[in-house]
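This report refers to the structure that appears directly beneath it.
This structure is a prediction, so every number in the text was calculated from the model and none was measured.
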Amino acid sequence: MIDPMPSRPRRNRSSAAMRDLMREIQVNKTDLIYPVFVREGAGTSEEIGTMPGIHRHSLDHLVRHLDEVVELGVRAVALFPVLGDDRKDRTASESVREEGLMQTSIRELKSRFPDLLLITDVAMDPYSSDGHDGLVSDDGQILNDETLPILADMAVSQARAGADIVAPSDMMDGRVAVIRDALDDEGFTNVSICSYSAKYASAFYGPFRDALDSAPRSGDKKTYQMDPANLNEALREVELDIAEGADIVMVKPAGAYLDVISEIAGISPLPIAAYQVSGEFAMIRYASQAGAIDEEAAMLESLVAIKRAGADMIFTYFAPEAAKLLS
Ligand code: PBG
C-alpha cells in the first residue's frame, strides 16, 4: 500500500453526476453542420455506395429529409450539388446559372427553412469536366489567378440565391480577398465566408468524390491542397485568410489533424471549423456495421475529440444521429 496518497484522480470519476460536473468540454447540437447532397430530378434518393446511410437527394426529397433533421435540432447545413457530366465543362459555367441546381436548391431551402443556416461550397470541382477545384490549362496546370474570378462569380451567385455563408474549398491563393470584395461590391456585406484554410490533400475524401463523381480526371490535387506532413504551412494559410477577410477558418480533415486544429486555436481570433470528412464517416460506419465498434459511442468520442482539440463547430455526416443523442 502507498501511504500517503493524497491525490486520487479517480475521486473525480466516481459517479455519473461527478463526471458530468468535471467535464471540460461538451459537444452541443448547435456546433453541428450537416453536409448534404442534392441531385437533379424529383422523387429520388440514391444511397452513396461508399457512405452507407447517406443519400444524394432530389430537392423534394432533401426538403423532406431536412424536415426531420431540423426537428432534431440541427441548425446548419452545407450544400453540395451532384451534377451529370452533361452539366460539366472546363470553366464550370453551370456554377453561376441562375436556374442551376445549386441556385434553385438554395432558394427553395431558404424559403422552406428560413432559420436554417445555409453554407454553400465554392470550388469548381462539382461543375468541372476536369474534376479539379480550379481552371486547368491545356498542359494540365491548375491556373490560380484565372480561377479567382470564377470563384468570385460563383460566390456572388450563391449569395444572390440566399446563402448565409459561402465556403471556398478550392485552396487557390488569394480567393478569400477576391470573394469578399465581390460580395461587398454586390451588396452582400452580411454574407459570411467560412474558408477551408488548411485543407489537406487527403485520402479521406474518397467517398465524397464517389458521391459527386468529382475525382480529378487527370493528376491529383497536391499543387493546391496541403501536404499532410505540414503544420507551419497551415498557420500561414490561416493568417492569410484572416487578413483577407475570412469570418471562420477551417481545418479539413479533422480526425487525423487534431494537432493542426489545436495549433490554429492557439493563434486564431476567428472561430474554427473542422470537417469530419466522408472517409472518417465511412470508417466509423463500416467498422460498426462489421461489429468491430459501437457506432454511437465511437461517433460521439470522435466529435468530442475534435471539439477538445479546439474546434468551435464541426461539419459531420453524423449530425442528425449526434443531435438525437445530444438531446
Ligand atoms: C472539393 C471538396 C471536397 C470535399 C469538400 N469539398 C473533396 C476534394 O477536395 O476532393 C470533401 C468532403 C468529404 O470528403 O467529406 N471542393
Side-chain angles (χ1 to χ4, degrees), residues 25-39 43-82 105-106 108-121 163-165 167 169 194 204-205 207-208 210-212 248 250 252-255 273-290 293-307 311-327:
I25 61 115
Q26 201 148 8
V27 178
N28 307 304
K29 286 195 275 193
T30 52
D31 302 329
L32 305 174
I33 296 159
Y34 182 39
V36 294
F37 301 105
V38 66
R39 49 162 289 170
T44 52
S45 288
E46 197 182 10
E47 191 171 46
I48 297 158
T50 50
M51 299 179 78
I54 303 293
H55 297 78
R56 308 176 186 92
H57 297 285
S58 59
L59 185 52
D60 57 326
H61 274 223
L62 181 59
V63 167
R64 261 187 277 161
H65 177 52
L66 289 182
D67 269 330
E68 294 168 18
V69 171
V70 166
E71 191 63 32
L72 292 170
V74 173
R75 293 168 65 189
V77 297
L79 184 63
F80 295 95
V82 181
S105 303
I106 295 168
E108 174 74 5
L109 294 180
K110 215 51 220 176
S111 83
R112 296 281 189 143
F113 308 103
D115 298 328
L116 181 67
L117 285 175
L118 207 50
I119 303 173
T120 54
D121 187 63
D164 298 291
I165 302 175
S169 66
C194 170
F204 292 103
Y205 307 149
F208 177 97
D210 281 349
L212 262 62
I248 301 162
M250 191 202 289
K252 176 186 177 190
Y275 199 139
Q276 183 178 53
V277 300
S278 56
E280 299 177 76
F281 166 84
M283 286 197 300
I284 293 174
R285 176 129 305 169
Y286 281 119
S288 83
Q289 287 184 346
I293 58 173
D294 175 331
E295 174 161 316
E296 289 185 354
M299 163 183 80
L300 289 178
E301 187 175 329
S302 70
L303 297 175
V304 164
I306 294 166
K307 185 99 190 264
D312 299 293
M313 63 195 90
I314 306 171
F315 287 65
T316 175
Y317 300 95
F318 286 121
E321 285 92 339
K324 206 177 295 175
L325 294 171
L326 296 170
S327 289

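L303 is listed as a side-chain neighbour of Q276, based on a closest heavy-atom distance under 4.5 Å. Two residues are said to be in side-chain contact when any heavy atoms from C-beta on lie closer than 4.5 Å; L79 and D121 fail this criterion. When side chains are defined from C-beta on, P35 counts as touching Y275, because their heavy atoms get closer than 4.5 Å. I248 has its side chain within reach of M313: a pair of non-hydrogen atoms, C-beta onward, lies under 4.5 Å apart. You'll find the side chain of T30 reaches within 4.5 Å of the side chain of R75, heavy atoms only. The side-chain heavy atoms of F37 and L212, taken from C-beta on, include a pair separated by under 4.5 Å.
Of all heavy-atom pairs spanning I293 and A298, the tightest one is CD1-CB, 3.6 Å. Contact record, S302 with I284: OG-CD1, 3.8 Å, taken as the closest heavy-atom pair. Here the closest heavy-atom approach between residue C194 and residue A273 is recorded as SG-CB, 4.5 Å. When all heavy atoms of I314 and K307 are compared, the pair lying nearest together is CD1-N, 4.3 Å. Residues D164 and L118 approach most closely at OD2-N, 2.8 Å, considering heavy atoms. Closest approach of G43 and S58 over heavy atoms only: N-OG, 3.1 Å.
Taking CG of D60 as the start and CZ of R64 as the end, the distance is 6.0 Å to the nearest 0.5 Å. Between the CD1 atom in I33 and the CD1 atom in I165 there is a gap of 6.5 Å [rounded to 0.5 Å]. In this structure, CD in E46 is found 9.5 Å from NE2 in H55, a value given to the nearest 0.5 Å. Atoms CD and CG, on Q26 and D31 in that order, are 9.5 Å from each other to the nearest 0.5 Å. Summarising the geometry, atom CZ belonging to R285 is positioned 5.5 Å from atom CZ belonging to F318; distances are rounded to the nearest 0.5 Å. Note that OG of S169 is 5.5 Å distant from NZ of K252, once rounded to the nearest 0.5 Å.
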side-chain contact (heavy atoms from CB on, under 4.5 Å) assessment of V27 paired with L300: CA-CA 8 Å; V27 178; L300 289 178; over 6 Å; no
Criterion side-chain contact (heavy atoms from CB on, under 4.5 Å) on N28 and L326, from CA distance to verdict: CA-CA 7 Å; N28 307 304; L326 296 170; over 6 Å; no
Using the rule given for side-chain contact (heavy atoms from CB on, under 4.5 Å), can you reason through F113 versus D67, listing the C-alpha separation, both sets of side-chain angles and the distance that settles it, and then say yes or no? CA-CA 9 Å; F113 308 103; D67 269 330; 3.4 Å; yes
Please determine whether side-chain contact (heavy atoms from CB on, under 4.5 Å) holds for the pair I119 and F315, giving the CA-CA distance in whole Å, both sets of side-chain angles, and the decisive distance to 0.1 Å. CA-CA 11 Å; I119 303 173; F315 287 65; 4.2 Å; yes
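In this structure a side-chain-to-backbone donor-acceptor pair under 3.5 Å is missing from K110 to L117. Using modelled atom types, one side-chain atom of E47 and one backbone atom of G53 make a donor-acceptor pair closer than 3.5 Å. Looking at R56, its side chain does come within 3.5 Å of a backbone N or O of A211 through a donor-acceptor pair. E280 contributes no side-chain N or O that, together with a main-chain N or O of P253, makes up a donor-acceptor pair within less than 3.5 Å.
Counting non-hydrogen atoms of other residues, nucleotides and ligands closer than 6.0 Å to CD of Q289 gives a total above 12. No more than 12 heavy atoms of other residues, nucleotides or ligands shown are found within 6.0 angstrom of CZ on F204. Enclosure of atom CD in E295 by more than 12 non-hydrogen atoms of other residues, nucleotides or ligands within 6.0 angstrom is indicated.
Scored by the salt bridge (charged side-chain N to carboxylate O under 4.0 Å, His left out) test, K29 finds no partners at all (sequence neighbours excluded). Looking at residues two or more places apart in sequence or on another chain, you find no ring-ring contact (aromatic ring centres under 6.0 Å, His included) involving H61.
Of the residues listed (L66, V70, V69, L32), the one engaging P320 in a side-chain contact (heavy atoms from CB on, under 4.5 Å) is V69, and it is the only one.
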